[in-house]
Every structure is written in structure tokens, then in C-alpha cells.
> 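Here it is, the structure, as C-alpha cells.
All figures in this text were calculated on a predicted structure; none of them were measured in a lab.
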Amino acid sequence: MRAFLKKEWMEWSRTGRFWFLLLVFTLFGIMNPAIAKLTPWLMENMSESLTDIGLVATEITVDAMDSWAQFYKNIPMALIVFVLVCGGSFTSEYEKGTFIPVVTKGLSRRKLLAAKALFLYGMWTVMYGLCFGITYGYNAYFWDNGVVENLFAAAALTWLFGVWVIGLLICFSAIGKSSSLVLLGTGGVAMGVYLLGMFPKAASFLPSKLMEGMALLQGVSEGKDYFAGGASAVLLVLLCMGVAVMCFERKQL
């Protein structure tokens, strides 16, 4: 299993997936405070144009809250990029037949699946932590992160949502043999849960609730409001991994 984890790292670095995601999440981390910092300057330059059409631009002040608002707007896009890049993590192995030699030499399918899953979860954690850390550092330098509440709790909830989406990715990767099917299944379920979250009675019990981190930062919501959504995300991750193990054990490699 350690050898397969090393193989995963070598593949990610040689194919450029790691460096691409590193660049994307770094850019998103820089963009969050940059957009907030540049907003007053942009509004000042647009004030004359706004006056011509009858709008009056007042002086705008920004703080760390505005930067974190950008963070929670951008992180779903970063997660989508992560899923698109990792959608062929299993299917490329099926096409090349690289699973067959390691299985015939004694590596159990469960350890094989566990290694792939562990690497994906680890990469998501590293990339998400990088994006969050860059935004946090710039916000601390330009403003003060003390103006927001429950900062790390909100970040953990969003990270958990990403873990749930990756759980779906692993599950569909163990079921299907094409990356298009994997992406369609993962995106379809995530979108379905998002649409169900539009119903107030169901919203609190769905993983999509975890993406409402801004309400926690602003003090509008409390941590207990996310307990049901977090619990459902954890249970669904365990369910996805269980289904993935059963399907991968019977899958023709």
C-alpha cells in the first residue's frame, strides 16, 4: 500500500496534476483578498460613469469579512476544478490495465482502493488548507480576522463538504469505467442535493448545508445548526466508501 501511495504521488507530479491544482488553489487564495482590496479603487474609478446614469457611488470600506465572502464564493469553483482533474483517477488505471499487475502480485483490492481514496482525501486537504491559509494570511496582514466569528469551524464544514463530494467521486469511480460516467454521477448527485436544499424543511439535513459558512462567520447561524448536515455528510461518506469497496471487489479490472 505504501508503494502504491508512492506511485500515486509520482504519477500526480509527473503528469502535472499536482502542480496544476497547486497553481489553481494558490490563485484562488490570492484572489479572495485581492478582489476585496481592489473593490474601493474600482468603485472610485467607476464613480463618474455611475453618476452619468443617475447612480451615486458612496465611499466603500472593506474588511476581512469581504475577503472571506469571496473565499466562500470561490471555493465551490475550486472544488469543481479538483473533481474535474481527479475524475479519471481510477478510469485511467482501468484503461491502461495498471491495476492488474499489483492485484496479481498480492495487493488486496481493498488496500488498493484505500490507497487511492487516502491520496485523494489528502490532496483535497492540502489544497484546501493552502487556499484557506493564503487568504487567512493576507486578511491578517491587510485587516483583522477578529471581525469574523467561528472562522475555523466554518472552514472545517466546507472542507467536510469537499470530502463528501470526493466520496461520491470514489464511489462512482468504483462503479463505472469511464471518466464521463464518473463526473456525470458525481455532479448529478451533488446537484440533486443542492436542489433539495432549496426546500427549507430538508435543507438542514443535507450536506449542502455545510456550504453556508458565511452565515456562521456573520453570527447569523450557530454551530448546532450544522450538526444534522455534518452528520449526514459523514454517514454518506461512509456509505459511499462501503459501496465502493463492494463494487471494486467484484469489478473486472
Side-chain angles (χ1 to χ4, degrees), residues 1-26 28-29 75 78-134 155-156 158-183 185-187 190 207 233-253:
M1 186 172 174
R2 286 195 298 269
F4 198 81
L5 285 171
K6 182 179 179 182
K7 174 257 181 193
E8 283 292 295
W9 164 248
M10 291 176 65
E11 181 184 350
W12 270 59
S13 59
R14 289 176 179 176
T15 58
R17 274 188 285 180
F18 174 79
W19 307 110
F20 175 74
L21 288 174
L22 185 69
L23 176 63
V24 169
F25 279 79
T26 299
F28 273 116
I75 202 64
L79 177 59
I80 290 172
V81 172
F82 187 91
V83 170
L84 290 174
V85 170
C86 301
S89 182
F90 282 76
T91 55
S92 61
E93 305 274 8
Y94 300 147
E95 294 171 0
K96 298 174 185 176
T98 48
F99 278 150
I100 298 174
V102 292
V103 170
T104 54
K105 289 184 178 180
L107 182 64
S108 71
R109 294 193 179 206
R110 291 192 178 188
K111 288 184 178 179
L112 187 61
L113 180 69
K116 298 283 283 188
L118 182 62
F119 197 85
L120 287 174
Y121 287 132
M123 281 295 105
W124 164 246
T125 302
V126 169
M127 296 301 170
Y128 180 81
L130 175 68
C131 185
F132 177 85
I134 292 173
T158 307
W159 169 82
L160 181 57
F161 179 84
V163 169
W164 170 69
V165 173
I166 295 169
L168 292 175
L169 178 71
I170 295 169
C171 181
F172 283 103
S173 295
I175 296 172
K177 276 203 168 186
S178 66
S179 57
S180 58
L181 177 61
V182 173
L183 294 175
T186 304
V234 172
L235 291 175
L236 287 172
V237 168
L238 295 176
L239 177 62
C240 286
M241 294 307 300
V243 172
V245 169
M246 289 188 294
C247 293
F248 197 68
E249 287 280 4
R250 295 168 174 78
K251 193 173 188 66
Q252 183 178 355
L253 301 177

> Any side-chain heavy atom of Phe172 sitting closer than 4.5 Å to one from Cys247?
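They are not in contact (no side-chain heavy atoms under 4.5 Å apart), so the answer is no.
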> Report, as yes or no, whether the 6.0 Å neighbourhood of atom CH2 on Trp9 holds more than 12 heavy atoms from other residues, nucleotides or ligands.
yes
> Applying side-chain hydrogen bond (donor to acceptor under 3.5 Å, both in side chains), can you list everything that pairs with Thr15, at least two apart in sequence or on another chain?
none
> Closer than 3.5 angstrom, by distance alone: can the side chain of Tyr128 be matched with the main-chain N or O of Ala155 as a donor-acceptor pair?
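Yes: the side chain of Tyr128 pairs with the backbone of Ala155.
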> So which heavy atom on Pro207 is nearest to which on Leu236, and how close?
CG-CD1, 3.7 Å
> Quick one: list whatever passes salt bridge (Lys or Arg N to Asp or Glu O under 4.0 Å) with Glu11, sequence neighbours left out.
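Checked Glu11 against salt bridge (Lys or Arg N to Asp or Glu O under 4.0 Å); matches are Lys7, Arg17.
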> Would you compute the distance between atom CZ of Arg110 and atom CE of Met241 and round it to the nearest 0.5 angstrom?
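Reported value, rounded in 0.5 Å steps: 11.0 Å.
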> As an exercise, state the distance from OG1 of Thr158 to CZ of Phe132, rounded to the nearest 0.5 Å.
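Here the interatomic distance stands at 9.5 Å.
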> Begin from the C-alpha positions of Leu113 and Ile170 and carry the test side-chain contact (heavy atoms from CB on, under 4.5 Å) through to its verdict.
CA-CA 9 Å; Leu113 180 69; Ile170 295 169; 4.0 Å; yes
> Looking at side-chain heavy atoms only, is the closest gap between Val182 and Phe90 below 4.5 Å?
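No, their side chains stay 4.5 Å or more apart.
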> Do Leu112 and Phe248 have side-chain heavy atoms sitting under 4.5 Å apart?
yes
> A side-chain contact here means heavy atoms from C-beta on lying under 4.5 Å apart; do Cys131 and Ile75 qualify?
yes
> Counting C-beta onward and ignoring hydrogens, is there a side-chain heavy-atom pair between Leu181 and Thr91 closer than 4.5 Å?
no
> Determine the minimum heavy-atom distance between Ser179 and Gly88, stating which atoms define it.
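For Ser179 and Gly88, the tightest heavy-atom pair comes out as CB-CA, 4.2 Å.
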> Find the distance between CD1 (Ile175) and CZ (Arg250) and round it off to the nearest 0.5 Å.
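It is 12.5 Å, given to the nearest 0.5 Å.
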> Going from SG on Cys240 to CG on Leu169, what distance comes out if it is rounded to the nearest 0.5 angstrom?
10.0 Å
> Once you round to the nearest 0.5 Å, how far does CH2 of Trp164 lie from CG of Leu238?
14.0 Å
> Determine all donor-acceptor pairs shorter than 3.5 Å in which one atom belongs to a side chain in residues 114-125; sequence neighbours excluded.
residue	atom	partner	partner atom	Å
Lys116	NZ	Glu8	OE1	3.4
Lys116	NZ	Glu8	OE2	3.1
Lys116	NZ	Ser89	O	2.7
Lys116	NZ	Ser89	OG	3.2
Lys116	NZ	Glu93	OE2	3.3
Trp124	NE1	Trp159	O	3.1
Thr125	OG1	Tyr121	O	2.8
Thr125	OG1	Trp159	NE1	3.0

> Measuring from atom OG1 of Thr186 to atom CD1 of Ile80, what distance do you get when rounded to the nearest 0.5 angstrom?
12.0 Å
> Which of parallel (below 30°), tilted (30 to 60°) and perpendicular (above 60°) describes Phe25 and Phe82?
perpendicular
> Just so I know, are the side chains of Phe28 and Ile134 near enough to count as touching, which here means a heavy-atom distance under 4.5 Å?
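No; the side chains remain at least 4.5 Å from each other.
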> What are the two closest heavy atoms between Val83 and Leu183, and how far apart are they?
O-CD2, 3.6 Å
